[in-house]
Amino acid sequence: MLKIKNLHASIEGNEILKGIDLEVKAGEVHAIMGPNGSGKSTLSSVLAGRDEYEVTEGSVDFLSEDLLDMEAEDRARAGIFLAFQYPVEIPGVSNINFLKTAINEIREKKGEEPIAAKDFLQRVKEKSKLVGLEGKFNNRSVNEGFSGGEKKRNEIFQMAMLEPKLAILDETDSGLDIDALKVVSEGVNKLKSPDNATIVITHYQRLLDYIVPDYVHVLANGRIVKTGGKELALELEERGYDWIKEEAVKA
Amino acid sequence: MMLEATVKMSNKEKFLSHYGMIDFSHDKESFVEKRRAAEKALKGLEFPTSKTEYWKYTRINKLIRESYQLGPADVDSDIDLSVPTKNCLVFVNGYYTDELSWTEAEAGIDFMPLSEAKEKSDKLKGSFDSLTKKEEIFSMINTAYHQDGAYLHLKKGKAAESVYYIVNISAGNQPMSNPRNFIYLEEGSSAKVVMKHISANEGNSFTNQLSEIFVEKNANLEINKLQSENDDAYQISNDEVSQEGSSQFKMNTISLGGGLLRNNLNLDLNGEHIESWMNGLSLLHGKQHVDHHTLIHHREPNCVSHELYKTIADDASTGVFNGKVFVHPIAQKTNAYQSNANMVLTDDASIYSKPELEIYADDVKCSHGSTTGQMDEEAIFYLRSRGIGKKKARAVLLNAFLTDLVEQIGVEHLREEVQSVIDKKYSGVK
Ligand SMILES: Nc1ncnc2c1ncn2[C@@H]1O[C@H](COP(=O)(O)OP(=O)(O)OP(=O)(O)O)[C@@H](O)[C@H]1O
Ligand SMILES: [Mg+2]
């Protein structure tokens with residue numbers, strides 16, 4: 001589904017990603033862990049199509065298309081979804097109108113009719129329940145005045161509404177209380193299917209108890225320096241990152 | 001042999017010479033007297049210059065140097081005014097145009113051309129020109145040389161069912177007009193009014209409009225002023241409002257078209273428990289220049305005023321806002337809220353914003369805020385990352401910026417009209 005080869009990316013002349021290789025197949029869950037500032041959010045931003053980053057080398061294939069050649073909105077329409085580490089507040093735009101606009105834009109580009117009001121409301125009801133929101137934020141402005149945890153839940157709610165093929169969750173767990181963590185992870189798990197894939201970026205092994213990854217990657221200083229199974233996360237929790245950095249230097 | 005004297009006329013003299021020919025002797029005597037008094041006042045007034053603080057950001061040289069034509073002009077009777085109401089008075093170049101107007105009388109409401117009301121209305125006779133600022137040159141020009149305008153009078157307790165439309169059309173070659181309106185709501189009455197300014201021509205025109213507005217006790221008036229002339233049109237507008245106790249007044253100024261627009265809105269709150277709203281929505285493009293000056297006098301205790309002005313400035317346009325709130329010493333428990341928010345879409349667009357609070361009472365709540373920003377690129381990316389295209393994302397954000405103002409428009413048809421202008425204007429934004 002996603003094939004990243006030797007990806008290098010810079011911002012304002014600073015190289016942040018220094019050769020990333022990663023392949024994600026349908027049905028898989030990949031976890032990316034790594035120290036602060038190692039480039040995890042940069043990678044997700046580059047995949048989502050943020051203009052500020054300049055890709056200097058490498059390629060990204062998504063469903064056999066050149067992802068790097070696509071505008072951010074076209075990537076979303078093709079099935080990429082990024083749950084932001086820091087969701088943006090949009091005063092004056094209601095959550096519900098925002099989602100309706102997004103869904104209809106996506107449909108329009110596929111040559112489909114706008115979603116029927118009834119179907120839309122049904123979907124809102126169903127999906128907001130999935131993340132324990134019960135329609136609570138429908139008429140509020142997108143993320144405006146939401147607590148940290150509420151913003152994260154709202155990201156997953158949007159993901160549920162948009163049904164992406166590849167979801168990238170950038171530290172969706174940080175800021176969530178224990179109960180919310182469970183609800184959100186259950187939501188993510190329910191949305192999992194053999195046809196879609198998930199990349200979870202996290203600092204905490206705890207999340208991976210709920211969303212069980214097939215692979216755990218460690219990103220340090222702009223490179224994936226180690227890949228393992230879910231037990232790698234446990235090891236990282238115990239030993240920190242230094243030993244991996246040392247290993248990487250030796251290698 | 002004749003002696004040729006070269007007399008150098010000042011800008012003012014040249015400008016006023018436009019009016020030399022017109023004969024207003026058909027006016028009733030008391031109004032002719034007012035005209036003469038204003039002409040006299042004009043002798044002591046000059047056009048504002050770059051040194052005039054009140055006009056600091058608005059140059060009017062090009063406006064006063066043009067030469068204009070005075071007089072009615074033909075307007076196609078099929079013209080679509082987009083006015084679904086039972087009462088609409090239409091003025092072309094300041095002159096009442098019966099063929100384009102229609103009215104359906106409501107009991108207790110007089111709605112007629114000012115020229116007709118001059119024959120009939122005691123209130124008009126007694127109060128005409130009582131609210132105008134005698135030191136304001138454009139107001140005095142209007143008093144001296146106004147052609148016609150609308151007169152709306154609601155008797156005590158009368159709630160208007162119809163929306164009252166006053167349409168001013170600029171037509172023909174280089175027209176100049178001085179429309180003069182007079183609106184009088186007696187105690188406990190209520191009405192909604194739309195003033196629409198449009199062009200049926202291309203090229204320059206100058207509209208110097210003035211309205212005197214009296215809102216008596218417990219009365220409730222909403223005025224929506226829609227300025228959508230062509231982009232070579234000049235307009236100066238003075239709206240003088242006097243409110244009595246427990247009355248409510250709202251003015252929504254919606255500036256969409258016009259090259260140079262200057263709106264002076266002056267409110268006098270003469271009683272207690274008055275509530276007032278001053279709203280402005282300006283969508284600027286090209287080289288448009290729109291200047292809103294508001295002044296509100298809180299003269300008595302326990303009144304609330306709200307002020308919300310927003311401008312979106314695209315291309316090389318300029319938006320000016322100057323809002324003065326004056327709280328007099330006895331006006332305790334005044335609440336005055338003022339907010340001016342602007343969005344600039346290009347590096348060439350400019351905004352000048354100046355709130356001025358003069359507060360002479362101690363137990364008051366006054367707030368003011370002024371912000372000027374650009375489109376929030378983070379928000380744009382967020383929307384795009386959900387599949388919303390760039391153009392649409394911008395439109396969504398601009399709409400969100402304007403929505404609270406659009407909701408202030410209490411006339412549904414107009415609200416829809418403004419909304420559709422917004423949709424059209426920003427669906428194709430770069
Ligand atoms: N505009 C910029 N100019 C220079 N450096 C930048 C810029 N933006 C981000 N960076 C740097 O890029 C590096 C990677 O940042 P990124 O947000 O990808 O880290 P992260 O792995 O997501 O960290 P965290 O775990 O704290 O979320 C950081 O060192 C950051 O300071
Ligand atoms: Mg990060």
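A, B, ... follow the sequence lines: proteins, then strands. Residue 1 opens every chain.
Looking only at atom types and distance, the side chain of B/E356 has no donor-acceptor partner in the side chain of B/H368 under 3.5 Å away.
Of all heavy-atom pairs spanning B/N263 and B/S237, the tightest one is OD1-CB, 3.3 Å.
Sorted by first then second residue, the ring-ring contact (aromatic ring centres under 6.0 Å, His included) pairs that include residues 141-168 of chain A, not counting sequence neighbours, are A/F137-A/F146.
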Start with the C-alpha gap between B/S282 and B/H292, add the side-chain angles, then the distance that decides, and say whether side chain to side chain donor-acceptor pair (under 3.5 Å) holds.
CA-CA 10 Å; B/S282 310; B/H292 297 289; 2.8 Å; yes
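Looking at residues two or more places apart in sequence or on another chain, you find a side-chain contact (heavy atoms from CB on, under 4.5 Å) between B/N342 and B/T311, B/N340, B/I351, B/S353, B/T372. Residues passing the salt bridge (Lys or Arg N to Asp or Glu O under 4.0 Å) test with B/E417 are B/K196, sequence neighbours excluded.
Looking at A/P87, the atoms closer than 4.5 Å to chain B (heavy atoms on both sides) sit in the backbone and in the side chain alike.
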Table up the donor-acceptor pairs between chain B and chain A that sit under 3.5 Å, atom names plus distance.
| unit_1 | atom_1 | unit_2 | atom_2 | d |
| --- | --- | --- | --- | --- |
| B/E378 | OE1 | A/R50 | NH1 | 3.4 |
| B/E378 | OE2 | A/R50 | NH1 | 2.8 |
| B/Y382 | OH | A/N143 | ND2 | 3.2 |
| B/Y382 | OH | A/E155 | OE2 | 2.3 |
| B/Y382 | OH | A/Q158 | NE2 | 3.0 |
| B/R384 | NE | A/E73 | OE1 | 2.6 |
| B/R384 | NH1 | A/D51 | OD2 | 3.2 |
| B/R384 | NH2 | A/E71 | OE1 | 2.6 |
| B/R384 | NH2 | A/E73 | OE1 | 2.9 |
| B/R386 | NE | A/Q158 | OE1 | 2.6 |
| B/R386 | NH1 | A/L82 | O | 2.7 |
| B/R386 | NH2 | A/L82 | O | 3.1 |
| B/R386 | NH2 | A/E155 | OE1 | 2.7 |
| B/R386 | NH2 | A/Q158 | OE1 | 3.4 |
| B/G387 | O | A/R77 | NE | 2.9 |
| B/G387 | O | A/R77 | NH2 | 3.1 |
| B/G389 | N | A/E105 | OE1 | 2.8 |
| B/K390 | N | A/E73 | OE2 | 3.2 |

